[in-house]
Structures are given as structure tokens and as C-alpha cells.
Amino acid sequence: MEILSFLIPVSLFLGFLGLIGFFWAIRGHQFEDLEGDGHRILRKDYDDHPKTDRTGG
Amino acid sequence: MAATLTPSTSACAACVVVPSAEALAGRRARTQSRLMLSVPAVQNATSISEVERLLESVPGVRSARVNLTLKRVSVDAEGDVTAEDLVARLAAIGYPAHELDPGLLSVTENDKRGRDLLMRLGVAGFSMMNIMLLSVAVWSGAEGQTRDLFHWISAMIALPTLAFAGQPFFASAWTSIQARRLGMDVPISLALVLASSISLFETIKSGHHAYFDAAVSLCFFLLAGRYLDYRSRAAARSAAEELAALEVPRALRLEGAQETMVAIADLRVGDLVRVRPGARMPVDGVVIEGASEIDRSLLTGETLPVQAVPDTVVSAGEVNLTGPLTVRVTAAGKDSSLHRMADLVAVAESARNRYTSLADRMARRYSPSVHVLALTSFLSWLWISGGDVRLAVNIAAAVLIITCPCALALAVPAVVTSASGKLFRKGLLIKDGTALERLAEVDTVVFDKTGTLTLGTPRPLALQDQPPAALPVAMALAAASAHPLSLALVAGLRDMGMTPAELSELREVPGYGVEGRWQDRRVRLGRAAWIGAEEAAETATYLDLGQGGAPLTFRFADSLRPGARAAVDGLRAQGKNVMLLSGDSASAVQALARDLGIADWRAGALPAEKANVIAELSAAGRKVLMVGDGLNDTAALAGAHVSISPASALDAARVASDVVLLGQDLGPVADAARISVVARRRIKQNFALSLVYNLVAVPVALVGLATPLIAALAMSTSSLMVTLNAMRMK
């Protein structure tokens, strides 16, 4: 059972990592055009102007 | 990438030291502009590429980015790139577009509240997963100190989470308590607070059951519902804003000999405004110079253009056809007839806002019963156990958690989100939250004619019946003018394989027609009075060949909007009454009604009569869907149970309607009616599902058998079932 004292903080830490990743994604406007991003990945041409933080619309 | 494309001022330390650099940057910011276009036809990866590639090939455009979810494209460009130019280029490759006002739209873009809710949802989700992991160990039989440790860790995660993620509920519960109402948020907040405090108490006392998992997952599911609800509301609001921005209002003001482009808001009564052929009247006014014809179809529904000479009174929204006009402003902006109409509409709409949705009715009945139930269980267990407060509070908390409208809170938003997403893909924008529900109740559909069932663009009739020798002459004359009838005539004759005759001395007489010289004879094409012809009942133009004979009459009919037949047939197949209500002449309306098989039609209806017809139908207990586009329809649109207008409609009409059709095709109207019925059925099914779940789970909680495991399971399964049911919308 001593392993718990080690495993629980590890699992919490990993969870936090995921949460921080989620916050980062929200700040990066990654949820503003879900449909478009889904289609964009199927295009043949190279995306010369990937979305920047400012041109989120 | 952001840093290389657009160096921000804060990143440039030298800017502070060297002010000229900042000034330079400012000057550059002025010459570059951000244009926003609405492109409803963008559908998939190919169209994203086509639109972006086309726009980026335009000189001066720095970058173009399509947002498929909103069907918009934002363009970063030099100052000399105009939206009109881009719209024309897009239209040429088959993507009709409208300009949007980026200033108005920016509000919805950096939308704080939506991201705030999403963040709370994320935190609640994270905590729920971690607590569930710990709870699984407790449920599978962790004992003694291990269980206490797990409870303590759960508490440490759950309490801050609830304090942060539960804020929307606490805030709204507090406002409703202050207003002495019992909204849905009061039992929610009560359940969250009660469950977490009793669990904390149990943890301190090293008890068997803690409800941290239930409290946090309750919070998570409720936030999910809240977020979906917010998303569809935000979409509706941005639709309204998008439409307000659709017409960027500008006018050409005459200042001495100079013409300057100004915003309509800057115009004063008495200003002189130049209106070019093909442009829309920006203001109400009186013509003081020039001769032309004006198209009033958007305002009155009549397809016949009206002659405009000095002293003709014009109103905002009419289209100038042939010659340039100078107009003295009599009313602009807020005072113009368009805006007065919009005010009337606002009054009519407020009546409609009193509509109570299914969800409201449900919440009103459900919320008090939750409180009563929890209180009853507390008191009766207090009595049964002979004063065991700890047990009684435990059971009351379990009852509150079980009855909390978790699935209920998801039932409507999930369905509305899924249905309006489906409709948006078909080109329908839902502006109002309850529009879907109202659409589902419709049993009568009233169509306007001009601009709704028809495109408002003429098509020549029976050209092959005209003398063949006259046709090349007519074509040559018509080719000299940009009048819609001339354009239609040229197109019609070209389709017949005609080539224009050789004419000399061609000139257009604005407001009258075109004249020229053919084989040493003067030939004229134009208005009846100018030619000396008998005026026909329908839209027509007249040709004088200069031979002294009777002038030839070219008749026109409006061309049908694509999908109009499908929409009418589809609605009839769904068992709805279809009616045609137009301000146009009886012969034109009758022809169209017969063509589409509509038995019930009325012609020559004035705006007030249209509204009256709708009011009579409503008084007779019918639920009316009005589909219209003109200013003459606005009162009817606002008065109907629910209303739809095409994107080409006038501002006022779009404001008045609940649903806007983004594309040209009218077919989706029938789909919308069908989908709304399905959506309503799904909502009712969802309510039934969550009620059944309550009927099963509440007795379990009441007798005190609801362990945290059962509560968590019941809550998750019911929420999941409701969401899945919403998603199987077809």
C-alpha cells in the first residue's frame, strides 16, 4: 500500500498536465472552428497561412 | 508564427525608445484592413481551398482564412482592396458572399463568457475523473484508513472545484432567491452545497459514504448542458449581429462638385445624395435631378418598375435601375421609413417573446417538487429514526442529488444544438432560441411571391412568337442598357441563338428606354408611354421598329426561386396548408399559384392587409409560418407564429424573422419544418426518459438505499442516454 503515496500524486500530476493542456488549447482559439479544422486536414495543398492567435475568426 | 506575421508592440522593446517606429506601425495599420465576408456556400475541404486560393491570388490580399463553422472568411488586406471586388470575384466562381461589419462581429469572437464556461467545464471534468478513480477503489471495498485517505483526497479536489465550477449556479440561484422565485438553479445549488458539506462531515467522522463524486459529476453534467445552451444562444445572437452587419450602409454625398463616400449615420436632412444605377436608395428623399426607373418590389411586392423623375418621392430600400439620380435627403438613418418599420416590428415581436418553451414549463412544475420531496424525506427520516439528524440529512442529500435535473438540463440544449447544427449545414440560420419549437407547431404556411417564391428577376415569355426579323433589333437595343428587363431579354435571345443586328447611334434615355438607328429607321425599346404602345397588365417592354405598325410587346414573368417547388410540395406532403399572399397584380399571382398548385392565393395585398390575414388565421387557431422578404411582409413576419426570410431580404424583414435562409435555394424550408418536428419529439422523449429515471431512482433514495455508487451510475447513464437520443437526429 505504500506505493499509493507515490501513485496518487503521479496520477494527479498527469491529470493536471491534461488540464493545463486544455487551458492552453482554449487560449489558442483551438475550439473556434472545429468543423473547418476537421476538413482542412483532408486537403491536398499545404496550408501556407496556418491560423494565428489573432486571426481566430 | 504570430510573431513573424504581426509583430506586436509589446514584443518590440525599441518601439518605446523610438516613438517614430510606433507611429510607422500605426500608419501601416491604417493602410491594412481586415475584411469579413459571409460565404454560406462553403461546405468542405475543396471549397475552403478554392475560396482561400482565389482570395489570396487577389493583389493586395495578405491572407484569407475560412471559418467553416461560422461560414465566414476573414481577409487581411491592403487598404485599397474593397469588399465589393472580393464579393464579385467569389460570386464568379460560384460562392455568393455578403460583406460583414468586422467591428460589430468582434464582440462575439473574443467571447469571454463562452470560454469561461468551457474552462469551468474542463476543471469539473478533470476533478470528476480523478475523484471517480478514487471512488472506484472505495466502492470495491477499500476499508479503514485507506478509505479515509481516499475521502480526504477527494475532498481536497472536490471542494475547490465546486467553489470554482459551481459559480454560475450559485450566482443565478442567489439572484432568483432575491427575486423570490424558485428557479432550477436553487435546488442545484442546494444539492451541491448539501452534498459536499455532508460528505466533508462524514469524512471527518470517517464515515462510510461520501458524495464527492456525485456532487462533482452533477456539476460537470449541468455545466455541459449550460455550455451547449450557451453555444446555441450565442449562435443565435451572432446570427442577429451578423445580419445587422450584413448591409454596411454607405452613401455618396454631393459636396459642391465633389462626391464623397460617407456612412448613412453622418447624413443630415437636406443633404444631396447621388444614387448610381443599380444601387439601393440609402435614404428617404425626393429626386431633384436625373431620370430613371426604380424597382420597388422589396417594399411593395410589385414587379413593375416605376418611373422616377424630379419630385418623385423615393424611400430607402428601393433600387435605382437605369440613370443616375440626385436625391435630397428627407429622412436618414433612424428616421427613415425602413427604421420606422423596424420599430413597429419590435413591438410586434415583444408579444411573441412571451412564448413559454417546453423547458420553461417543465422547470416550473419540476423545481418546487424537488424541494418538497427532499424536505419530506428529511422530516420523515428524522421521525422514523427518532432524531438521527446525520442519517436524515444524508438521505435528504441523496434525494436532492438524484432528483437534480441533470438529464433535464441536458434534454433541451442537446437537441437544440444538434438540430440547429443540422439546419445550419442546410443553409438555415436559427436566430431565436424557441424558433425550432414554434416551427414544429406550424400547420399553415404563407408565402410571399416576389423575392421569396420567385427571385425577383424577370424572364422573357414566348419569344418565339415574335416576328423573327424584330428579334435581332430588340437584342441590339437591349444590349445597350443595364436595365434588368434588357439584361433578361438579351439572355433569353442569346439562348435562342440570336445575334444582335447592326445598329448605329445607340443611346440610352434614362427612365425611358434605348433608341438607335437601323436601316435608316429610328428604332426604340422601352416604356409603353415613350413608345406609344398600349400598356400591358404584366411586366413588359415595348419595341417600335419605326415602320408605323403597332409596337411589339415583350412580356416577362418572374423566374422561380430554385427549390420553391420542392419546398411547396414538401410542406404539402407534411400535411400543411400552403397559401400565397402577394402585393403583386392578380394575373401574375394567379399564374404562379397555378404553376405551383397552390389553391389558396390572394393578390394586391397591402402590408397592413397581409398582417391582418395572418392575425385572422392566428385568431382561428392556426399556427402560421410566414415566409417573406419585403418591407411589405415585415409586419406579417413579426405577427406570425414563426417566420423565415431569405438572406436577400431587406434588413427589416430579416430582423423580423426567426430563421434566415442563407443560400438561394428555398428547399430547406421544408426540411426545417420536418427537422423541427423531429427535434420536438426528441425533446419530449428526453423529458420522458429523465422522468422514468426519476420514478425508478427516487424511491430508492427515499428508502435510504441510494449509495454514492448508485447515485453516480444513475446520473451518468441518464445523462448519456439523453445526449445519445439527441444525437440520433436525422
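Letters A, B, ... mirror the listed sequences (proteins, then strands); counts begin at 1. A quick note: this is a predicted structure, and the numbers were derived from the prediction, not measured. The basis for the numbers below is simple: all heavy atoms, side chains too, and nothing from hydrogens, waters or symmetry mates.
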Item to check | Heavy atoms from other residues, nucleotides or ligands near CZ of A/Phe16 exceed 12 (cutoff 6.0 Å) | outcome: no
Checklist entry - Nearest 0.5 Å, what's the CG-CZ distance between A/Leu17 and B/Phe126? => result 10.0 Å
Checklist outcome for this item: Residues passing the side chain to side chain donor-acceptor pair (under 3.5 Å) test with B/Ser47, sequence neighbours excluded, are B/Asn44
Checklist outcome for this item: CG (A/Leu12) and CD1 (B/Ile157) are apart, to the nearest 0.5 Å, by 4.5 Å
Item to check | Check: A/Phe22 and B/Val123 side chains under 4.5 Å, non-hydrogen atoms | outcome: no
Item to check | Any side-chain heavy-atom pair of A/Arg40 and B/Val66 under 4.5 Å | outcome: yes
Checklist outcome for this item: residues 127-137 of chain B vs chain A, non-hydrogen distance cutoff under 4.5 Å, contacting residues -> B/Asn130, B/Leu134
Checklist entry - For A/Ile41, is it the side chain, the backbone, both or neither that has a heavy atom under 4.5 Å from a heavy atom of chain B? => result neither
